[in-house]
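Scroll down for the structure; my scribbles are underneath it.
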Protein chains: 2
Amino acid sequence: MTKERITVVEIAHAAGVSKSTVSLVLQGSSLVNEVTRAKVSAVIRELGYVYNRGAANLRQSNSKSKIIGIVVNDLTNSFFAELAVGVDDVVQSAGYVQFLSNTGESVDRQREVIASMREHGISGLIVSPARGTEPADLKPLVASGIPVVVVVRNIQGAKVSSLMSDNHAGASAAVEHLVALGHRRIAFLGGFPDTAVFAERLVGYQTALKSADIAFDASLVISSAPSRAGGVDAIDRAVRLGDRPTAALCFNDAVAFGVCDGLRANRLEPGADFGVIGFDDVIEAKTAVPALTTVSVDPQGMGRRAAQLLLKQINSGNADPEALVGSVRLVVRESSGPARRDVEKRTA
Amino acid sequence: MTKERITVVEIAHAAGVSKSTVSLVLQGSSLVNEVTRAKVSAVIRELGYVYNRGAANLRQSNSKSKIIGIVVNDLTNSFFAELAVGVDDVVQSAGYVQFLSNTGESVDRQREVIASMREHGISGLIVSPARGTEPADLKPLVASGIPVVVVVRNIQGAKVSSLMSDNHAGASAAVEHLVALGHRRIAFLGGFPDTAVFAERLVGYQTALKSADIAFDASLVISSAPSRAGGVDAIDRAVRLGDRPTAALCFNDAVAFGVCDGLRANRLEPGADFGVIGFDDVIEAKTAVPALTTVSVDPQGMGRRAAQLLLKQINSGNADPEALVGSVRLVVRESSGPARRDVEKRTA
DNA sequence: TGACAAATTTGGATCGTTCCAATTAAATAT
DNA sequence: ATATTTAATTGGAACGATCCAAATTTGTCA
């Protein structure tokens, strides 16, 4: 029931030094003598002192607040959950703590949480912007010199750092693989067409088709929500097509899982009767049945990189925009299936 | 570009009032005249003032910090991700912002992040404790009067509020359902046996068996990591048993998905050849193929309830422990399968 | 031993807000 | 009109740390 907070002055008094000295000890300054440091540290531990960062921040620039913010648009998507874990990982080790907020694709909510984080004096922000985010939404932040790193989705025209995965290369590698397996009718399933990520992956898909001399067929591009349910929906529509596809590159892993589900509901076995490739390489991808062939972007690694970039900018006091692109590689597992030779329709 | 911060004094000066008045309008006090309030608000907007909560907290008790902490042991498990979303949801609407940290089951990490959150002056904490957490780990927090709500896993002997789901009732309802379908060899798969949650679910399982006059067979209890991979592992072992089970209650949905994967790898179709029931009702449960029969605990709802309980305690200044148990219901989908045809008749 | 430099320590002043008691302005009662 | 409420406003002292310049102690060297 201790209502009284213990402060530096009380520590100072108990240790027989001045509050300035205590402060020096707290900051690990080399100016203080080894023996007094020991004494003060002992008293600190003994009295159960807890540092008041709020008070400290008042006097320091808020790049020292040791708080970073991270806002994602859908934490229930394990891609973002893992991204957050990656960020948390490096941020924790650096002695920071993170504000984490979920926007659920609402720009209003996003504006609110960013404002709130700003009031709390975050030293930096990592954001996977909600659809429809505009440069103006981040403007005040960058204007006040707070580093911002945009991940996953870009914001056209915003003068902030970004970390995007190489969507073009990934999509095109995936399609090349399907082509190599003998597929010619390859669909592109899922995702919202009005996003930059969708556009980039679609272009990668088209590039690969073109270099394989396969004509692009717009009816094979079936968009939907970038979720498992969206995947079920997309494959259902794909299967009803006149000249149905034999394989698909999916917008992301969630869609790919949905596509597998939908395939089975249509008595088709993913990997055997239809080639499926995802995007993201979420953890479940490797343990799923069939194991998902997917473009690995390593969400945790991406989170870690974003955090490192942000911390670098915070520490250097230099928030000049920097655009990183995360490398990407195709990991071939089972869902893309074996090479086609004929119409092999086999049921188990 | 370090733009200097605008403070109340500057607002006061620009609006021709005193800083005290500005403070009053900031807090929405009814003491200030409507016309001056309007004038001040206008200036605030005009100059792009941002409130400095750190400074405010210095003067107020830290139950007003508008920060709550949430620490989970595994954010990559979608149960916890959803829990966090539920918490974020109510907490955001109440004008709070949350510190979110992941411990990865490390008590050391947990200790660190809790200490760090405390330095930042959180008004309350929601924690799903890492395995091996002791009451002492939360002691300092409660001693300083900061409300704590423990979720999912309990901590024996800690004087804090808790919100646990009704594991006993859920497990037993699940087993009753399998019995009603005609199963007699029912396994309990996955989970770490040294946790309270495991124990509770196991007892529920046993209770249901007993009331169905089925002898408990310890070899049917196969523990493993509570993850998808753990599920694959557990079912592999179960399938090699002499008198193999025909159905299983799984420790959680992640395990259940793994069990489905493992079943298929063994040429058994979940739902047709083997009944599978999960626990948690993660979002993927309803869209999976087969759709997972599971004990619904509504993770988001649980997060919301935990947050509400915490906010109530923060606002009332009353942190007396309160133990809530979350109701639970069996949602029957496909993975538990139809009634067995070869059901042996028994006296009713 | 005294002078001078280096190593430590320290007393305010300060950060941006809230709180309190005190002041002033406006409204009402006498 | 004056006295008395009531409504609005205000200056200054907190809150708990850091920072700076100045003061103190210690060490070194002629």
For residues 146-160 of chain B, the side chain to side chain donor-acceptor pair (under 3.5 Å) pairs (sequence neighbours left out) are B/Glu105-B/Arg153
Residues of residues 37-45 of chain A with a heavy atom under 4.0 Å from any atom of DNA chain D, listed by number, are none
Correct closest heavy-atom pair for A/Pro147 and A/Ile314 would be CG-CG1, 3.9 Å
Those residues at least two apart in sequence (or on a different chain) that pass salt bridge (charged side-chain N to carboxylate O under 4.0 Å, His left out) with B/Arg304 are B/Asp89
Within residues 9-22 of chain A, those residues having any heavy atom closer than 4.0 Å to DNA chain C are A/Val17, A/Ser18, A/Lys19, A/Ser20, A/Thr21
Residue pairs meeting salt bridge (charged side-chain N to carboxylate O under 4.0 Å, His left out), one or both in residues 60-81 of chain B, sequence neighbours left out, come to none
Taking C/dG16, D/dT9, C/dT14 as options, the one with an atom nearest any side-chain atom of B/Leu31 is D/dT9
dist B/Asn102:CG -> A/Leu100:CG (nearest 0.5 Å) comes out at 10.0 Å
A/Glu119 CD to C/dG16 P, in whole Å, measures 15 Å
Assess, by modelled atom type and distance only, whether the side chains of A/Gln110 and A/Ser106 contain a donor and an acceptor separated by less than 3.5 Å.
no
A/Tyr51 atom OH is separated from D/dG16 atom P, nearest whole Å, by 14 Å
To the nearest angstrom, the CG-C1' distance between B/Asn57 and C/dT17 comes to 10 Å
Rounded to whole Å, CG of A/Leu24 lies from C1' of C/dG11 at a distance of 14 Å
To the nearest angstrom, the NZ-P distance between A/Lys66 and D/dT18 comes to 13 Å
To the nearest 10 degrees, the angle between the two end axes of the helix from C/dT1-D/dA30 to C/dT30-D/dA1 (five pairs per end) comes to 50°
Requested in this report: Return yes if some donor-acceptor pair links the side-chain N/O of B/Ser128 with the main-chain N/O of B/Val152 below 3.5 Å, else return no.
Outcome: no
Here the distance between atom P of D/dC20 and atom CD of A/Gln60, to the nearest Å, is 11 Å
Contacts satisfying salt bridge (charged side-chain N to carboxylate O under 4.0 Å, His left out) that involve residues 131-140 of chain B (not counting sequence neighbours) are B/Arg111-B/Asp137, B/Arg131-B/Asp194
Residue set satisfying side chain to side chain donor-acceptor pair (under 3.5 Å) with B/Ser93, at least two apart, ordered chain then number -> A/Arg109
Whole-Å distance, A/Leu26 CG to D/dC19 P, equals 12 Å
request  = For the residue pair B/Ser78 and A/Ser78, confirm or rule out a side-chain donor-acceptor distance under 3.5 Å.
outcome  = no
The side chain to side chain contact (heavy atoms under 4.5 Å, CB included) partners of B/Leu163 (sequence neighbours excluded) come to B/Val151, B/Met302, B/Arg305, B/Ala306, B/Leu324
note: B/Asn52, atom CG; D/dG16, atom C1'; distance rounded to Å ~ 14 Å
Quick note, A/Thr36 side chain, CB onward, closest among C/dT9, D/dG16, C/dT17 is C/dT9
Check: protein-nucleotides 21-27 of chain D nitrogen or oxygen pairs below 3.5 Å:
none

For residues 27-37 of chain B, the salt bridge (charged side-chain N to carboxylate O under 4.0 Å, His left out) pairs (sequence neighbours left out) are B/Glu34-B/Arg37
* To do: Check whether any side-chain N or O of B/Gln27 sits under 4.0 Å from OP1 or OP2 of C/dC19, and answer yes or no.
  => yes
* Asked: Any donor-acceptor pair under 3.5 Å joining the side chain of A/Arg59 to the base of D/dA17?
  -> no
Residues pairing under salt bridge (charged side-chain N to carboxylate O under 4.0 Å, His left out) where one sits in residues 75-88 of chain B, two or more places apart or in two chains, turn out to be none
Under 4.0 angstrom between B/Ser23 side-chain N/O and C/dT18 OP1 or OP2 | yes
Report task. Report the relative orientation of the aromatic rings in A/Phe99 and B/Phe99; use parallel for angles under 30°, tilted for 30 to 60°, perpendicular for over 60°. Result -> parallel
